[in-house]
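All values below were derived from every heavy atom in this structure, side-chain atoms included, with hydrogens, water molecules and symmetry-related copies excluded.
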Amino acid sequence: MFSVRGRGTSRRLAAATLVSGLVATGAIALAGPAAADDAPGASGGATAKLGQLKIADKVTYVEKVNGHDVVKETGAGLFEMKVDNGGKLQTYCIDFRTGAIEDNKYKEVGWDQSSLHNNPDAGKILWILENSYPNVSIAGLAEKTKVEGLTEETAAAATQAAIWHFSDKVDATPTDSHGQKLTAYLLEKAETVKEPKASLSLSPASVSGKAGDRLGPIKVDTNASEAVLSMIPGAPAGVGVVDKDGKAVTKAKNGDEVYVDVPAGTADGTADVKAEATTKVPLGRAFVTAEKRKSQTMILAGSSDSTVTAQASVTWAKKGAVPAVTVAKDCAKGGLEVIASNAGDEPWTFELKGTSYTIAPAEKKTITVPLAEDEAYKFTITGPNFSETFEGVLDCKTATPGPTPSETPSTSPSVEPSPSTPGTTGDTTGGTTGGGDLAETGSSNATPMIAGIAAALVAIGGGAVFFLRKKKTAGQ
């Protein structure tokens with residue numbers, strides 16, 4: 001969940017991760033609890049750019065093409081992601097048939113905001129992450145599983161194959177015999193593990209009140225030892241972060257509640273609180289694209305010490321309506337929830353997708369908007385002291401077999417290896433790290449003819465495949 005109260009490009013980008021397509025008139029309902037462990041109205045976590053498929057090997061899988069079983073081959077393994085402001089992540093894919101766009105911006109979210117929201121096997125995926133590579137070393141895997149002869153590449157491919165079984169119902173088989181044994185072990189032993197919590201969050205992400213009051217509380221949740229708190233530059237003089245007794249604070253621990261002190265006489269306005277921490281992102285956190293271009297959903301397999309942030313917005317006024325708004329993507333409900341409250345002494349009326357809504361003083365309502373999967377959205381919410389536009393795309397489900405919609409890649413094709421762009425076929429070369437051929441995970445959407453050509457190219461050699469991949473376009 002993320003507040004829509006903030007200003008500027010960074011807030012719009014963060015919200016684009018969590019807000020989803022706005023396509024129909026919403027219905028007002030009472031606000032309810034969040035579907036996952038993340039607190040209602042929470043914001044924050046790691047943001048990162050998707051890098052290349054770094055550690056991988058080949059797997060095969062079978063798909064129906066024109067009523068016939070066709071054996072296909074693709075690369076499978078670990079992607080690298082660079083965290084904003086410092087740090088690196090390793091991720092596996094949990095969206096087999098969707099291409100991955102290199103350099104796409106991603107945001108850490110709870111399972112309720114990803115394709116794992118209705119997956120009864122999500123906890124088994126986390127068990128695999130905890131008990132396989134890279135969380136467990138190759139030597140540790142050999143001792144634990146009695147599988148000898150694994151390499152980083154074959155272990156990564158085997159782990160990805162096991163994950164796809166639970167995330168996409170795809171039975172992929174490593175081409176390496178040792179990898180096959182590891183996949184079989186992971187599928188046999190996997191058991192349900194509880195969803196991890198956010199690396200850092202502030203909840204709610206938007207609060208409001210009157211000048212002269214302490215506005216909040218805002219709860220800090222983090223797996224770091226502490227988070228550093230500050231007001232983002234631009235806040236009026238005297239406005240600062242305090243505890244329940246009004247004492248200024250600059251740090252908080254997990255579970256602490258803080259407030260924003262707005263001195264009496266402060267002109268009507270807004271400000272933003274920032275929390276920042278250095279920590280390892282918990283295994284199993286989902287990462288979804290923060291851009292309108294659909295890209296594979298990822299799941300966290302490993303993290304260096306990384307910089308994670310969260311923001312909460314504050315609005316105050318002497319009199320009149322004083323609104324606060326948070327926007328939450330709820331995949332379980334297949335839509336968007338806009339939670340609007342009013343801490344003022346006059347009603348607040350705003351329009352959302354052509355419909356007018358009024359929030360009475362001291363009232364909180366949730367506007368539920370039904371969404372279509374992969375539907376692009378763009379909407380604006382306005383009120384006293386703010387007007388914000390948000391756009392993005394809903395991504396709550398894994399792609400199903402069949403061609404994917406054609407999309408234009410964000411950048412020109414990069415040098416190998418690099419993730420696929422939406423609609424491109426799965427890899428058929430099966431190189432290893434540094435080999436320049438394992439460019440994506442995910443299935444082929446090509447016709448049987450192209451599949452046959454790809455098979456022939458395997459025999460010809462990686463060089464020919466490299467040439468063909470340079471010629472592929474989105475939606476092939």
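For the atom pair CG of L150 and OG of S177, the computed distance is 9.0 Å after rounding to the nearest 0.5 Å. Atoms CD and CZ, from Q90 and F79 in turn, are 12.5 Å apart once rounded to the nearest 0.5 Å.
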Between T309 and E276, is a side-chain contact (heavy atoms from CB on, under 4.5 Å) present by the stated rule, with each step listed?
CA-CA 4 Å; T309 60; E276 183 173 289; 3.8 Å; yes
For I299 and F287, run side-chain contact (heavy atoms from CB on, under 4.5 Å): C-alpha distance rounded to whole Å, both residues' side-chain angles, the deciding distance at 0.1 Å, then the answer.
CA-CA 6 Å; I299 193 164; F287 279 79; over 6 Å; no
Report the C-alpha distance between N104 and K49 in whole Å, list the side-chain angles of each, state the deciding distance to 0.1 Å, and finish with yes or no for side-chain hydrogen bond (donor to acceptor under 3.5 Å, both in side chains).
CA-CA 5 Å; N104 243 37; K49 283 189 175 182; over 6 Å; no
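In this structure a side-chain-to-backbone donor-acceptor pair under 3.5 Å is missing from W127 to L186. Looking at N119, its side chain does come within 3.5 Å of a backbone N or O of D121 through a donor-acceptor pair. Remark: side-chain polar atoms of T222 are paired, donor with acceptor, to backbone N or O of S199 under 3.5 angstrom.
Residues H178 and V147 share a closest heavy-atom pair of O-CG1, 3.5 Å.
Heavy-atom neighbours of E257 CD from other residues, nucleotides or ligands within 6.0 Å: above the threshold of 12. Annotation for K169: atom NZ counts as buried by contact number, over 12 foreign heavy atoms lying within 6.0 Å.
Among V59, T154, T60, the single residue meeting the side-chain contact (heavy atoms from CB on, under 4.5 Å) criterion with T175 is T60.
Of the N and O atoms on the side chains of S295 and T289, not one donor lies less than 3.5 Å from an acceptor on the other residue. A donor atom on one side chain and an acceptor atom on the other are found under 3.5 Å apart for N223 and T279.
By the 4.0 Å N-to-carboxylate-O rule, K294 lies close enough to E373 to be salt-bridged with it.
Taking the six-membered ring for Trp and the full ring otherwise, Y61 and F96 have centroids separated by under 6.0 Å.
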